[in-house]
Amino acid sequence: MKKKIILFLYFSVISYIVINVSGYVEKLHLNDNYSERPIMTDSVFFVINSESEYVDLSFIKENSDIDDFTLLSTDEEDQQKYHVIFSKGEYDVFYGKLPKNWDFDGTEQGAIIGKSRDISDTRIIAYIDDDGVYAREHAVFLLDAQISDVATNAIFVIASGKEEKAEKNYEVFSELCKNHGIEMVPVYMQSAIFGKYSENEPVLYLIVAVLWAVILFMAFVSSHLWFVSNKNYYRVLYMFGHEHPYIRVLADFVLISTLAYISQVVIYLLLSDYSIFLLKNSILFSTGVFYSQYLVLLHYPKCYRML
Amino acid sequence: MLLELIDIHKSYKIHGRKTEILSGISFSAEKGEMIAIMGESGAGKSTLLNIAGGILRADSGKLIYDSDEINIASKKELDLYRREHIGFIVQDFALISDRDVEENIAIPLRIRKINRSQRSIIISQALMEVGLKGEEKTYPCMMSGGEQQRVAIARALATDPDIILADEPTGSLDSENADNVLNLLRMVCEKGKTVIIVTHDKEVASRCNRIVKIERRRRD
């Protein structure tokens with residue numbers, strides 16, 4: 001029993017680490033298409049656009065029924081004039097740079113949030129600075145003044161290099177939207193780390209592949225050790241006429257793996273860190289463990305008979 | 001005749017080639033007999049013992065227990081035969097290291113679905129028989145080789161089988177412990193059990209009622 005508990009804990013801890021790491025790596029890779037919540041019409045979207053050069057909006061297009069909305073974004077930090085993306089209708093990818101002579105007539109819906117301290121442009125509805133409090137004051141002021149004019153289908157883009165800052169900004173806008181009865185849905189699209197790796201996708205694939213190979217190998221080795229350490233037991237069962245010692249071995253493996261899998265799910269539910277790719281990874285991991293155990297059992301089909 | 005093996009054939013595939021280990025062996029044992037099976041390495045002593053115990057299936061031949069033929073093609077029948085009539089003792093004791101003496105002896109009793117209170121009584125008696133009363137909670141690693149083999153004997157006796165099959169039971173023991181184990185097996189035998197021992201040791205064989213020699217004769 002002690003062995004089973006130790007193995008159970010071992011699988012739980014290992015799988016917890018694996019799923020977190022692989023989930024994180026995968027998140028870096030997939031966050032172009034990652035949303036924590038479904039996108040709905042009449043929502044205000046909040047996009048964390050961390051140091052990325054572009055935002056791929058095809059995801060939003062494909063996953064929502066919004067066909068007419070405004071996205072307002074900013075240009076680079078040192079620019080005095082804001083560059084705004086505006087679209088009605090067809091689009092695939094929006095790049096964060098529009099012609100500087102683009103004519104914003106003030107009837108569009110949305111908000112501008114930029115890095116620059118220069119808020120002289122009258123078209124700015126809201127402004128977020130890198131510094132925090134200052135930006136917050138401006139944002140509150142500006143948004144409060146004009147948010148009633150902002151349509152419900154608006155996307156706020158915050159150009160923040162750090163996720164923590166983006167989250168802080170989210171709080172500000174969340175409060176504002178709440179005051180105006182507008183739901184605000186966070187949409188995470190790109191992260192700074194992903195930006196660094198985006199040109200090296202094969203590296204990411206390699207990391208994930210190596211990680212899985214290591215994990216499956218570990219699962220295989222642990223299954224092997226489990227079997228070897230219990231071989232005597234199964235042998236004795238057979239010696240003294242147990243009807244199905246082989247099934248007993250399988251049942252032990254399945255029981256432990258299942259317990260480990262359940263523990264993963266419970267951990268995620270308890271930590272409220274539950275998301276679809278983590279679930280997918282935990283299923284993949286458990287499948288890997290089952291499969292490796294199956295391989296071990298294939299190796300020892302008659303082991304319990306050898307006296 | 002309590003146990004009869006008639007015209008037993010058994011072959012293994014070794015390096016892709018079929019090698020016959022036992023070719024037409026016949027062998028029988030009376031109730032209360034103590035028999036030594038001897039022969040050089042590879043002659044098929046252990047194979048014969050395992051066929052007699054229903055652990056291995058012979059390719060052909062008959063296994064008769066107490067005038068009833070056991071269907072060697074039926075796994076279920078062999079399982080039942082082992083469970084009801086056979087007790088095994090092996091050279092490496094085959095004790096479960098993370099279970100105490102009581103739990104080790106309880107394994108065959110659990111297989112036979114004997115309830116806890118009965119198990120406790122049977123285990124006490126078996127340990128008394130092998131001179132290890134009071135060692136119920138001791139783990140095998142804390143015992144000497146001789147004591148471990150006595151636990152293995154107690155486990156083999158726990159289900160009260162008619163036949164005890166011992167494969168080199170003294171092979172891992174010094175002469176003193178080997179002597180104790182043989183005395184124990186002799187005592188078991190005198191209580192009406194049939195004991196069949198596979199051994200290389202002439203000293204061990206000399207303590208038995210009968211010696212069966214198997215000659216190595218392989219046909220590829």
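Each chain gets a letter, A, B and so on, in the order the sequences are listed, and its residues count up from 1. Model, not experiment: these values are computed from the prediction.
At least one test fails for B:Arg155 against the ring of A:Phe240: distance under 6.0 Å to the centre or angle within 45° of the axis.
Judged by distance alone, the side chain of B:Lys193 and the main-chain N or O of B:Pro161 form a donor-acceptor pair under 3.5 Å.
The part of B:Asp92 that comes within reach of chain A is its side chain, from C-beta onward, which places non-hydrogen atoms under 4.5 angstrom from that chain. Interface remark: B:Leu95 contributes backbone atoms only to the contact with chain A (heavy atom separation under 4.5 Å). For B:Arg110, no part lies near chain A; criterion is any non-hydrogen pair under 4.5 Å.
With B:Ile51 as the partner, the side chain to side chain contact (heavy atoms under 4.5 Å, CB included) test is satisfied by one option alone out of B:Ile21, B:Leu63, B:Leu22: B:Leu22.
In this structure, the separation between CD1 on B:Ile153 and CD1 on B:Ile89 is 4.5 Å, given to the nearest 0.5 Å.
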